Amino acid sequence: MHQNLEINYAKITYIAPSNIAFIKYWGKRDRQIPMNPSLSMTLDNCFTKTTVELKKETSIRILKSFKFEEKENIEFRARIENYLNSIIDLLPWLKYYSLEIKTENSFPHSTGIASSASSFAALAACLEEFSAHLKQRNFNANSASELARLGSGSAGRSIQGPYMTWGLDAHIENSSNSYATKVTNVHENFQKMNDSILIVSSEEKSIGSTAGHMLMNTHLFNELRYIQAKDNISDLLKAILVGDFDTFGTILENEALTLHALMMSSNPSYILLEGRSLDIIKAVKSYRSRTNIPVYFTIDAGPNIHLIYPDKDKAQVLEFIQSTLLQFCEKERVIHDHLGFGAKKIEAYFE
Ligand code: PMV
């Protein structure tokens with residue numbers, strides 16, 4: 001066992017990207033344990049930058065201040081405070097330090113892009129950096145992923161990249177319910193992929209993902225969904241390893257539509273897609289059958305459409321977005337992103 005170091009003050013900054021799920025995590029139990037394995041692509045341009053200042057105290061309230069984009073934010077603060085209190089068993093040192101947290105996103109606020117994945121990943125990376133220094137060991141990506149997962153399940157997949165799986169599955173090497181692991185041996189066809197996020201609406205969702213996960217507990221189709229997800233992840237992994245765009249795209253779109261079909265068939269039911277989301281879906285299908293260009297859609301828990309395509313077809317896809325899809329976007333908004341490699345340390349200072 002390493003001795004704990006005496007640290008009175010630390011300032012740690014990390015950036016961590018968002019990720020887009022190809023195989024969707026939908027349904028959970030206990031402490032953020034997924035009901036099925038998921039797989040995602042780590043992004044790069046859409047990230048959160050978080051700075052944590054830690055001070056040793058004798059009597060404390062763990063979270064001293066929390067600022068989002070330079071302003072106090074009561075709603076986010078409460079969530080972060082609950083989170084920190086919930087992980088004291090994993091990070092007992094939290095009882096002896098006060099934290100000042102500053103966080104900002106690279107992507108504009110209110111675009112309807114969930115920032116919980118990137119923000120919990122960035123915060124978890126800072127916490128793991130501190131733990132590692134305290135115990136005089138190296139930063140451990142699995143520990144950071146586990147901490148991130150406890151904040152928001154999908155955040156566990158944002159610590160590393162380019163492709164991550166999370167959730168125990170007998171057919172996936174090194175898989176775990178606790179943290180995400182990297183997909184290895186990715187075929188060269190999948191090594192340079194883009195995600196153009198078409199912003200259909202930036203309005204707040206009527207039902208958040210926590211409530212959505214809950215509705216799966218009593219969903220009539222839940223068991224079948226978990227079986228489907230396991231089959232899909234196994235086939236999608238094979239497609240990524242052999243470079244098969246057709247199989248990849250078929251599964252990608254099936255997962256997106258299944259997620260929304262599950263919402264529509266929940267009790268109570270709800271619909272997050274907009275008419276313009278469907279316009280985009282139809283236009284993408286028709287463009288693909290005309291051109292044979294491997295551009296496919298996926299959708300998060302919201303109305304915005306993610307277009308996934310290889311770099312070699314970028315010029316044509318951008319032209320297609322410009323000429324046909326922009327009209328369906330709110331204020332013609334699109335965010336162009338691509339494969340990324342996870343959390344990055346910006347600074348770590350200890351005294
Ligand atoms: O991480 P959460 O609890 O916000 O759930 C994310 C759920 C989806 O984004 C819909 C799917 C996924 O795997 O990211």
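Only heavy atoms go into these numbers, but all of them, side chains included; no hydrogens, no water, no symmetry mates. Starting from 1, each residue takes its place in the sequence as its number. Start at 1 and go down the list; that is how both ligands and their atoms are numbered. Treat the numbers as computed from the prediction; the structure is a model and nothing was measured.
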What atoms of ligand 1 come closer than 4.0 angstrom to any heavy atom of S152? 1 (O), 2 (P), 4 (O)

Decide, yes or no, whether a salt bridge links E128 with R137 under the criterion of side-chain N to carboxylate O below 4.0 Å. yes

Mind checking whether W26 and L262 have side chains closer than 4.5 Å, heavy atoms only? yes

Using a strict 4.0 Å threshold on nitrogen-to-oxygen distance, state whether K64 and E53 make a salt bridge. no

Do D300 and ligand 1 have an N or O pair less than 3.5 Å apart? yes

Using a 4.0 Å cutoff against the non-hydrogen atoms of A21, which atoms of ligand 1 qualify? 12 (C), 13 (O), 14 (O)

Taking only heavy atoms of G153 into account, list the atoms of ligand 1 that are under 4.0 Å away from them. 1 (O)

Tell me: protein heavy atom nearest atom 1 (O) of ligand 1, and distance? S154 OG, 2.6 Å

Taking only non-hydrogen atoms of H213, do any sit less than 4.0 angstrom from ligand 1? yes

Before you tell me yes or no, could you show the steps for T258 and Q228 under side chain to side chain donor-acceptor pair (under 3.5 Å), namely the whole-Å CA-CA distance, both residues' side-chain angles and the distance that decides it to 0.1 Å? CA-CA 10 Å; T258 298; Q228 177 202 35; 3.2 Å; yes

Which word best sums up how the rings of Y287 and F320 line up, parallel for under 30°, tilted for 30 to 60°, or perpendicular for over 60°? parallel

So which of M263, R157, K24, K28 gets nearest to atom 14 (O) of ligand 1, if we judge by its closest heavy atom? R157

Salt bridge E255-R225, side-chain N to carboxylate O under 4.0 Å: yes

Among all residues two or more places apart in sequence or in another chain, which pass the ring pair (Phe, Tyr, Trp, His ring centres under 6.0 Å) test with H260? none

Ignoring angles and geometry beyond distance, decide whether Y25 reaches within less than 3.5 Å of ligand 1 through its nitrogen or oxygen atoms. yes

Using heavy-atom distances only, which candidate in G156, S209, S38 approaches atom 4 (O) of ligand 1 most closely? S209

